[in-house]
Amino acid sequence: MTEVAEQVAQGRMLLIDVRELAEARASGVAQGARLIPLSLLPLKCDPRQPGCELPQGLPVAVYCASGGRSGMAAETLTRMGYGPVVNLGGLRDWAAGGGAVVAL
């Protein structure tokens, strides 16, 4: 996780939290993460659509609460042309690996 945190801090990797807003408010988010719930990924991250909020050309790391939704998010982002996409698992995995968690 330290390597991912360093790449995110240096702007060399995108980090996406795919949990819902209420979850992120309750437990915080990984430092440097963008909150884009899984249900909104097709709307906010499709590079073929106007208003795409996610730049292409950088590796992407995703996480959720336990790793299930982030697995689906990784597949979705890969189909949309992002890559490489890494599933980090859950926020607890991020924190256990030394990643900072900040309040939303």
Side-chain angles (χ1 to χ4, degrees):
M1 293 298 171
T2 304
E3 181 181 327
V4 171
E6 288 174 6
Q7 289 183 23
V8 170
Q10 295 168 1
R12 296 189 341 231
M13 177 178 269
L14 302 171
L15 179 60
I16 303 173
D17 182 332
V18 296
R19 298 174 301 152
E20 295 297 321
L21 179 59
E23 292 174 275
R25 283 188 175 147
S27 58
V29 298
Q31 188 167 8
R34 297 176 186 210
L35 179 64
I36 305 174
L38 177 61
S39 61
L40 298 178
L41 275 181
L43 297 173
K44 294 189 170 202
C45 300
D46 188 342
R48 297 171 302 230
Q49 300 298 323
C52 177
E53 296 181 11
L54 206 59
Q56 288 197 293
L58 291 173
V60 180
V62 293
Y63 72 91
C64 61
S66 63
R69 285 176 286 177
S70 55
M72 290 185 278
E75 290 176 15
T76 299
L77 290 168
T78 299
R79 278 195 312 271
M80 286 192 274
Y82 294 93
V85 181
V86 178
N87 179 1
L88 298 179
L91 181 62
R92 288 184 186 153
D93 299 314
W94 170 264
V101 176
V102 296
L104 183 62

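Heads up: numbering here begins at 1 and tracks the sequence.
At a threshold of 4.5 Å between side-chain heavy atoms, the hydrophobic network of Ile, Leu, Val, Met, Phe, Trp and Tyr places Val60 and Val4 in two separate groups. No path of Ile, Leu, Val, Met, Phe, Trp and Tyr side chains, each step under 4.5 Å between heavy atoms, connects Val29 with Ile36, placing them in separate hydrophobic clusters. Both Leu88 and Met13 sit in one connected hydrophobic cluster of ILVMFWY residues. Membership requires side-chain heavy atoms under 4.5 Å apart, directly or through other members. Taking hydrophobic clusters as Ile, Leu, Val, Met, Phe, Trp and Tyr residues chained together by side-chain heavy-atom distances below 4.5 Å, Met80 shares a cluster with Leu58. Leu14 and Leu77 fall within a single hydrophobic cluster, where Ile, Leu, Val, Met, Phe, Trp and Tyr side chains are chained together by heavy-atom contacts under 4.5 Å.
Using a 4.5 Å heavy-atom cutoff, the side chains of Pro59 and Val86 are not in contact. The closest side-chain heavy-atom distance from Glu23 to Pro37 is not below 4.5 Å. Counting heavy atoms from C-beta on, the side chains of Arg34 and Leu54 come closer than 4.5 Å.
Side chain of Tyr63 to main chain of Asp93: no donor-acceptor pair is present (N/O by atom type, distance under 3.5 Å, no hydrogens or angles). Proximity of a side-chain donor or acceptor of Asn87 to a complementary backbone N or O of Gly67 within less than 3.5 Å is detected.
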Run the side-chain donor-acceptor check on residues 95-104: report pairs under 3.5 Å with partners two or more places apart or on a different chain.
none

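Residues Ala65 and Arg69 come closest through the heavy atom pair CB-NH2, 3.6 Å. Shown here for Asp17 and Ala24, the closest heavy-atom pair between the two residues is OD2-CB, 4.4 Å. For Ser70 against Gly89, the heavy-atom pair with the smallest separation is OG-O, 3.3 Å. Residues Tyr82 and Cys45 share a closest heavy-atom pair of OH-O, 2.7 Å. Taking every heavy atom of both residues into account, Ala73 and Val18 meet most closely at CB-CG1, 3.7 Å.
The NZ atom of Lys44 sits 11.5 Å away from atom CD1 of Ile16, with the distance rounded to the nearest 0.5 Å. Rounding to the nearest 0.5 angstrom, the gap separating the SG atom in Cys64 from the CG atom in Leu38 is 8.5 Å. Rounded to the nearest 0.5 Å, atoms CE (Met72) and CG (Leu41) are 10.5 Å apart.
Surrounding CD of Gln10 are more than 12 heavy atoms belonging to other residues, nucleotides or ligands, all under 6.0 Å away.
Checked against side-chain hydrogen bond (donor to acceptor under 3.5 Å, both in side chains), Ser27 has the following partners two or more places apart in sequence or in another chain: Arg19.
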